[in-house]
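Quick caveat, the model's predicted, so the values are computed rather than measured.
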Amino acid sequence: MRPISLVLRVVALTFVLFVWFGIGSGIAMRGIAQPSAADGSAAVWLVLVCVLETIILSYLILRSRWAGWRLILAIFVVFYGVSTFMGQIESAVFLTKLPAGMVPRLFLMGLLIAAPFSPLAVIILGKRNAELTDKQRGVRLGTPVSLQAWKLALIAVAYVILYFTFGYFIAWRNPAVREYYGGADSGSFFAQMQSVVRDRPWLIPFQILRAMLWVAIALPIVRMLKGDWRETALALGMTFAVLMNAQLLLPNPYMPEPVRMAHLVETASSNFIFGLLVGWLLTERRAFAQLPTVQVAR
């Protein structure tokens with residue numbers, strides 16, 4: 001694909017995503033107060049969000065060995081899973097200041113955006129023909145069950161550590177964040193963890209579950225990308241960081257800007273590191289090594 005053609009297609013996709021944001025939010029948020037932005041800043045931020053998300057998804061599509069409905073389904077799982085599902089399951093737990101019924105509307109809005117955009121993106125970028133599937137072997141997962149078990153355990157531990165350390169040092173130490181959630185700083189990270197274990201013993205198992213959900217979302221990317229493990233790890237890091245957090249740039253009447261920006265820095269940085277780790281652990285570093293073929297007499 002020529003560079004000019006590629007740029008035009010990405011621009012077209014950005015416009016498509018912008019339109020579907022408007023349609024999806026209009027349907028899902030009917031009767032709900034919308035952000036007031038008389039200066040048009042909300043529209044400008046939405047354009048930026050659409051640009052960022054389109055670039056990430058376009059990269060995954062163009063670098064995929066898959067095509068057709070297999071690729072469409074993979075892009076939908078990644079787009080909806082990262083940008084909506086993984087964030088809103090936490091909204092259901094932590095955000096108590098939202099209007100009644102808002103969280104289901106957020107899930108619906110993400111669905112109304114991701115469902116039509118995923119096939120359109122694959123079609124516009126020229127990957128709708130399943131016969132275009134590249135037969136070249138991509139980065140493979142490690143096969144031994146025992147090996148996968150310890151990798152999943154390591155991923156779970158790493159996610160819990162990243163979640164709580166970045167959450168405390170970047171977000172929770174911000175007075176605006178503590179005021180918004182109605183909490184207090186225990187004085188140190190370890191004291192804060194003690195209060196978490198004492199007051200919310202379910203939170204650590206919940207984050208372990210979220211770590212496994214992140215792995216489930218990562219698997220299609222690991223299997224479909226053409227590049228080596230380095231490209232796969234970087235793609236996962238950028239996907240986890242950008243798709244989940246870009247929408248925090250949008251002004252909304254329910255979360256003050258200082259709180260949104262604190263969460264943006266917190267989760268974008270921790271998700272990027274986590275994505276790199278998942279990509280490194282779930283792929284074989286020798287996936288593209290060419291070994292000599294030995295003919296065995298029969």
Side-chain angles (χ1 to χ4, degrees), residues 52-53 55-57 59-60 63 74-75 77-94 110 139-142 147-174 177 189 192-193 196 200 202-225 227-249 260-285:
L52 292 173
E53 294 188 346
I55 289 174
I56 294 296
L57 294 169
Y59 180 84
L60 296 179
R63 291 294 296 159
I75 293 300
V77 168
V78 172
F79 190 16
Y80 183 74
V82 178
S83 67
T84 300
F85 184 79
M86 292 304 295
Q88 299 313 327
I89 58 175
E90 280 215 313
S91 297
V93 173
F94 293 112
V139 177
R140 297 189 297 119
L141 302 174
L147 186 63
Q148 291 302 324
W150 78 259
K151 286 183 177 182
L152 291 177
L154 181 57
I155 287 172
V157 171
Y159 186 72
V160 169
I161 292 173
L162 287 169
Y163 179 87
F164 285 105
T165 54
F166 279 68
Y168 177 74
F169 289 107
I170 296 179
W172 196 246
R173 298 190 73 177
N174 187 320
V177 174
F189 173 75
Q192 189 69 27
M193 288 304 301
V196 167
R200 295 180 174 180
W202 52 267
L203 186 54
I204 293 178
F206 177 63
Q207 297 308 329
I208 292 175
L209 173 62
R210 289 186 76 228
M212 296 301 98
L213 292 174
W214 278 119
V215 171
I217 294 172
L219 288 178
I221 298 176
V222 171
R223 291 182 179 276
M224 75 185 189
L225 286 188
D228 62 10
W229 71 270
R230 297 174 185 85
E231 180 179 353
T232 301
L234 185 59
L236 281 174
M238 293 300 297
T239 300
F240 288 1
V242 174
L243 288 188
M244 184 177 181
N245 299 287
Q247 293 181 35
L248 286 173
L249 294 170
R260 288 189 291 108
M261 293 302 101
H263 282 313
L264 175 62
V265 175
E266 169 210 354
T267 51
S269 55
S270 61
N271 279 10
F272 179 73
I273 295 172
F274 180 67
L276 292 178
L277 178 65
V278 171
W280 178 70
L281 286 173
L282 292 186
T283 57
E284 293 182 352
R285 258 65 70 194

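- Contact record, Met212 with Ala156: CE-CB, 4.0 Å, taken as the closest heavy-atom pair.
- The two residues Ala218 and Val278 come nearest to each other via the heavy atoms CB-CG1, 3.9 Å.
- Listed by first and then second residue, the salt bridge (Lys or Arg N to Asp or Glu O under 4.0 Å) pairs involving residues 202-218 are Glu90-Arg210 (not counting sequence neighbours).
- When the ring-ring contact (aromatic ring centres under 6.0 Å, His included) test is applied to Tyr163, no partner is found at least two apart in sequence or on another chain.
- Residues forming a side chain to side chain contact (heavy atoms under 4.5 Å, CB included) with Ile273 (at least two apart in sequence, or on another chain): Leu162, Phe166.
- Across all non-hydrogen atoms, the minimal contact from Met86 to Trp214 is CE-NE1, 3.4 Å.
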Go through it in stages, so that I can follow the logic: the residues are Leu236 and Val222, the test is side chain to side chain contact (heavy atoms under 4.5 Å, CB included), and I'd like the CA-CA distance, side-chain angles, deciding distance and then a yes or no.
CA-CA 8 Å; Leu236 281 174; Val222 171; 4.0 Å; yes
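- Checked against side chain to side chain contact (heavy atoms under 4.5 Å, CB included), Tyr59 has the following partners two or more places apart in sequence or in another chain: Arg63, Glu231, Ala235.
- Residues satisfying the ring-ring contact (aromatic ring centres under 6.0 Å, His included) criterion with Phe169, sequence neighbours excluded, are Phe189.
- Legend: residues meeting salt bridge (Lys or Arg N to Asp or Glu O under 4.0 Å) with Arg200, ordered by chain and number and at least two apart, are absent.
- With sequence neighbours excluded, no residue forms a side chain to side chain donor-acceptor pair (under 3.5 Å) with Thr84.
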Do any side-chain atoms of residues 241-249 form donor-acceptor pairs under 3.5 angstrom with protein atoms, and if so which ones, sequence neighbours left out?
unit_1: Asn245; atom_1: OD1; unit_2: Thr267; atom_2: OG1; d: 2.2
unit_1: Asn245; atom_1: ND2; unit_2: Ala241; atom_2: O; d: 2.7
unit_1: Gln247; atom_1: NE2; unit_2: Glu53; atom_2: OE2; d: 3.3

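- Applying the side chain to side chain donor-acceptor pair (under 3.5 Å) criterion to Trp172, with sequence neighbours excluded, gives no partner residue.
- The side chain to side chain contact (heavy atoms under 4.5 Å, CB included) search around Val160 returns Phe164, Ile204, Gln207, Ile208, not counting sequence neighbours.
- Contacts of Ala233 classified as side chain to side chain contact (heavy atoms under 4.5 Å, CB included), with partners at least two apart in sequence or in another chain: Leu276.
- Minimum interatomic distance between Leu60 and Val78 (heavy atoms only, all atoms of both residues): CD1-CG1, 4.1 Å.
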Output, in order, the C-alpha distance, side-chain angles, deciding distance and verdict of side chain to side chain contact (heavy atoms under 4.5 Å, CB included) for Met224 and Ile75.
CA-CA 11 Å; Met224 75 185 189; Ile75 293 300; 4.1 Å; yes
Check the pair Leu213, Ile89 against side chain to side chain contact (heavy atoms under 4.5 Å, CB included), reporting the backbone distance first and the verdict last.
CA-CA 11 Å; Leu213 292 174; Ile89 58 175; 4.2 Å; yes
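- Summarising the geometry of Val177 relative to Ala262, their closest heavy-atom pair is CG2-CB, 3.7 Å, with the distance given to 0.1 Å.
- Shortest non-hydrogen contact noted between Leu277 and Ala158 is CD2-CB, 3.2 Å.
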